[in-house]
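Position 1 is the first residue of the sequence; numbering continues from there.
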Amino acid sequence: MKTPEEKKHELDLRYLRMARIWAENSYCERRKVGALIVKDKMIISDGYNGTPAGFENVCEDENHLTKPYVLHAEANAITKIARSGNNSEGATLYVTDAPCIECSKLIIQSGIKRVFYARQYRLTDGIDLLQRAGIEVHYLPLDTPTEEL
């Protein structure tokens, strides 16, 4: 029989795998990122990296560099909540990649209290900021490679 902590860990892994699947919706070629916001065991928002609504679904320029107006998965998930009747106070964010500093600011302001991510990034300033704000942050690598996303 599994302990409550083991069950919680399995649920966190399941949501993180779901975020990885959600990343497949991204039109970005360089990196596909997915995010889910969960509150009371319910997915209240989702997002993936891509261009703003109404823009062409092309994330990279002719030099294969990400266009400056591409939104990150976390920003898309958080802004989707802002347009709905939900709120993210006390919620958990599951994201395939470590949040950058700009997304970390949004996470803090949105009231999210826990963040799980599966892939580290060379810069740690976003993670450092979340920890400084008292947000529970967990690096949880997934078993299968995410590079094919």
Side-chain angles (χ1 to χ4, degrees), residues 2-53 55 59-60 65-149:
K2 294 181 182 173
T3 67
E5 194 59 38
E6 288 171 327
K7 288 180 184 178
K8 188 176 177 185
H9 179 73
E10 281 184 0
L11 191 59
D12 290 329
L13 276 170
R14 191 173 302 128
Y15 284 127
L16 201 50
R17 286 194 307 268
M18 290 169 69
R20 185 175 61 186
I21 291 168
W22 199 244
E24 294 173 20
N25 290 317
S26 174
Y27 290 93
C28 296
E29 295 174 14
R30 290 182 63 211
R31 182 176 289 242
K32 295 178 182 290
V33 181
L36 294 177
I37 298 176
V38 176
K39 186 174 179 179
D40 301 324
K41 295 186 181 179
M42 288 182 5
I43 297 170
I44 60 168
S45 192
D46 54 60
Y48 51 86
N49 57 327
T51 58
F55 283 65
C59 298
E60 292 85 9
L65 298 174
T66 301
K67 293 180 179 180
Y69 53 82
V70 168
L71 291 160
H72 290 186
E74 307 93 301
N76 271 324
I78 290 168
T79 56
K80 189 183 278 190
I81 285 179
R83 295 181 68 172
S84 75
N86 279 328
N87 74 69
S88 51
E89 188 65 42
T92 300
L93 170 70
Y94 297 90
V95 62
T96 56
D97 294 63
C100 70
I101 193 148
E102 293 302 318
C103 287
S104 292
K105 292 176 197 177
L106 293 174
I107 292 164
I108 293 164
Q109 291 300 98
S110 70
I112 290 171
K113 295 299 177 203
R114 297 170 63 220
V115 174
F116 286 82
Y117 66 100
R119 231 180 344 197
Q120 294 182 336
Y121 187 60
R122 63 183 170 79
L123 301 175
T124 63
D125 51 355
I127 296 299
D128 297 341
L129 185 65
L130 291 173
Q131 291 171 334
R132 181 176 172 198
I135 293 175
E136 193 179 314
V137 180
H138 301 274
Y139 169 56
L140 197 58
L142 296 173
D143 304 341
T144 55
T146 56
E147 282 64 34
E148 71 263 6
L149 291 179

Polar side-chain atom of S26 near backbone of N49 as donor-acceptor pair, under 3.5 Å: yes

Please confirm whether the backbone N or O of R20 pairs with a side-chain atom of T96, one donor and one acceptor, at under 3.5 Å? no

State, with a plain yes or no, whether a side-chain heavy atom of E74 is found less than 4.5 Å away from one of L106. no

Donor-acceptor pairs are to be reported for all side-chain atoms of residues 36-45 against protein atoms at under 3.5 Å, with residues two or more places apart or in another chain.
{"residue": "K39", "atom": "NZ", "partner": "N87", "partner atom": "O", "Å": "3.3"}
{"residue": "K39", "atom": "NZ", "partner": "N87", "partner atom": "OD1", "Å": "2.8"}
{"residue": "K39", "atom": "NZ", "partner": "E89", "partner atom": "O", "Å": "3.3"}
{"residue": "S45", "atom": "OG", "partner": "A77", "partner atom": "O", "Å": "2.7"}

Would you say D97's side chain and Y121's backbone share a donor-acceptor pair under 3.5 angstrom? no

Pick one: which of L130, V115, D125 meets side-chain contact (heavy atoms from CB on, under 4.5 Å) with S104? L130

Do the side chain of E60 and the main chain of E29 share a donor and acceptor less than 3.5 angstrom apart? yes

Distance check, rounded to the nearest 0.5 Å: L93 atom CG versus I107 atom CD1? 5.0 Å

Of all residues at least two apart in sequence or in a different chain, which pass the side-chain contact (heavy atoms from CB on, under 4.5 Å) check with Q109? none

Applying disulfide (SG to SG under 2.5 Å), can you list everything that pairs with C100, at least two apart in sequence or on another chain? none

When rounded to the nearest 0.5 Å, the distance separating CD1 of I108 from CD1 of I135 is 5.0 Å

Sole candidate of I127, V33, L140 that passes side-chain contact (heavy atoms from CB on, under 4.5 Å) when paired with Y117: I127

Rounded distance [0.5 Å steps], CG in L123 versus CG in D128: 10.0 Å

Is there a donor-acceptor contact under 3.5 Å from the side chain of N76 to the main chain of Y48? yes

Any chance you could measure I101, atom CD1, to L129, atom CG, to the nearest 0.5 Å? 5.0 Å

What pairs of residues pass the salt bridge (Lys or Arg N to Asp or Glu O under 4.0 Å) test when at least one of them lies in residues 104-115, not counting sequence neighbours? D12-R114, E102-K105, R114-E136

Can you name the nearest heavy-atom pair linking A118 to Y139, along with the distance? O-CE1, 3.4 Å

Sub-3.5 Å donor-acceptor pair from the side chain of S110 to the main-chain atoms of S88, do we have one? no

Distance in Å, I21 CD1 paired with R17 CZ, rounded so as to fall on 0.5 Å steps: 8.0 Å

Residues which pass side-chain hydrogen bond (donor to acceptor under 3.5 Å, both in side chains) with T66, listed by chain and number, not counting sequence neighbours: R30

On a heavy-atom basis, the closest approach of L71 and P52 is CD1-CA, 4.1 Å

Would a line drawn from the ring center of F116 to the ring center of Y15 be shorter than 6.0 Å? no

Main chain of E6, side chain of T3: is a donor-acceptor contact present, judged purely on distance under 3.5 Å? yes

Steps toward side chain to side chain contact (heavy atoms under 4.5 Å, CB included) verdict (D46, M18): CA-CA 10 Å; D46 54 60; M18 290 169 69; over 6 Å; no

If I compare all heavy atoms of W22 with all of A35, which pair ends up nearest, and what's the gap? CD1-O, 4.1 Å

Kindly write out the residues that satisfy disulfide (SG to SG under 2.5 Å) with C59, not counting sequence neighbours, or none if the list is empty. C28

